[in-house]
Amino acid sequence: MKLEGIINNNIYMTNGRTLYISKKRGGVEYLSTLPNPKSRLNRAKYNLKTGGIEAKIRRPFTGYVHSVNVWPINEEVIFANAYRSLFVSHDGGRSWKHSLELPESSGLRGIMPCGLCHKDGIVYIGEYIFDEDSNPRILATDDFGRNWVTYLELEGIRHIHSIQTDCYSNDIWVTTGDRNDESVIGILRDDKVEVIGTGSQKWRAVQPIFLPDAILWGTDVPYEDNHICMMKRSNIKSTNKNVKTLHTTSNPFYYATSINDWAFFSTSVSANRDSTAPDGAYHESNNYVTVWGASSSSEYQNWQVIDRFGLKQTLSRRLNLTSFSANSYIFLDSYDDTIIYNPINTENNNNKLMKFHLAGTSS
């Protein structure tokens, strides 16, 4: 299972294109399977990429390939993508309508899991494309997926990592990558991205965490050490952002969540070399993925290992055919005093939903 999102303590998860819900009162319920919108030979190709029988057959060789995301807006409206097809459900995930086709250069995951947000009745998505000659767009819908418009086109950017609503300021934050000048952390204001920081890998982030008085993010740089950074809100408009490094590790940071005064980040392992790395740049990552956590009691200086997983030794990894290997991640979300973490392509607890309670126990 892959963790997708949590609404009202109900946990949404997928197995390929099939959606389930784990309800707060207990029990797992099948909701539906995302449709295959293709015809003839293209149906098999689509299944291979999005978790059909064909994809399951190849998993022992490649590992789990991430190509499906689900975003519950509320208990009725849910968005989902399978590869380049974006769908919307208006009945709690029981039926789906094709809403949008993403650009041809989109990666297998279509959109990043943190690349969709909802604010004031408008849903925004950020394109995760790989065409060096195109500019990624922020698209918006004010009728829950019936119609989409181009809200903004980002010039000089490779792709969009996240679009996230700040629960304290109500701003929408955008993170992008991947080269130095393409790496931006900014705020969506007045039909443009107001750049808060750019110009180095320090600003290459995936999913930020919003605190009452600060913003945290982890860097996503496969060819350097990576850092958890903090910027005080009082410095957002200052020339000197005074970004502090809180923690350093070998692996890139991807996903994040928070509960009360606790912050959590997870690291990843990429199977392939970063195509945007400078010539000669190489960095040896640790062969495990980790959930890190820290609280305000240490001023977010003391980062603890919540859990850690070694990489799944797929056939492609054992044969050193890394170009055929899928990346390893840990998806994160939270509710009440509990975080849900979901290791993908790991040796132990692979594709399982794990819980960590702030009282300090995992299950």
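Computed from a predicted model, the values in this text were never measured in an experiment. In this chain, numbering begins with 1 at the start of the sequence shown.
One finds no salt bridge joining Lys192 and Glu194 here, because no Lys/Arg side-chain nitrogen approaches an Asp/Glu carboxylate oxygen to under 4.0 Å. A salt bridge between Glu101 and Lys38 is present, with a side-chain N of the basic residue lying under 4.0 Å from a carboxylate O of the acidic one. Ionic pairing of Asp336 and Lys24 is not present here: no N-O contact between side-chain nitrogen and carboxylate oxygen is shorter than 4.0 angstrom. The pair Asp171-Arg233 fails the salt-bridge criterion, with no side-chain N (NZ, NE, NH1 or NH2) lying under 4.0 Å from an Asp/Glu carboxylate O. Glu29 has a carboxylate O that lies under 4.0 Å from a charged side-chain N of Arg94, or vice versa, which qualifies the two as a salt bridge.
At least one donor-acceptor pair under 3.5 Å links the side chain of Arg84 to the backbone N or O of Leu102. Checked by atom type and distance alone, the side chain of Arg43 pairs as donor or acceptor with a backbone atom of Asn36 at under 3.5 Å.
Aromatic pair Phe130/Tyr128: ring centres closer than 6.0 Å.
Glu4 places none of its side-chain heavy atoms less than 4.5 Å from the side chain of Ile78.
Under the 30°/60° scheme for interplanar angles, the aromatic rings of Tyr46 and Tyr83 are found to be tilted. Tyr329 and Tyr255 have tilted rings, their planes meeting at an angle from 30° to 60° on a 0 to 90° scale. Relative ring orientation between Phe331 and His66 is described as perpendicular, the plane-to-plane angle rising above 60° on a 0-90° scale split at 30° and 60°. Relative orientation of the His118 and Phe144 rings is tilted, given thresholds of 30° and 60° on the angle between their planes.
In this structure, Lys119 fails the cation-pi test against Tyr124, since its NZ or CZ atom is not both closer than 6.0 Å to the six-membered ring centre and inside 45 degrees of the ring normal.
For the atom pair CZ (Phe356) and CG (Leu358), the distance works out to 6.5 Å, reported to the nearest 0.5 Å. Taking CG of Leu34 as the start and NE2 of His98 as the end, the distance is 11.0 Å to the nearest 0.5 Å.
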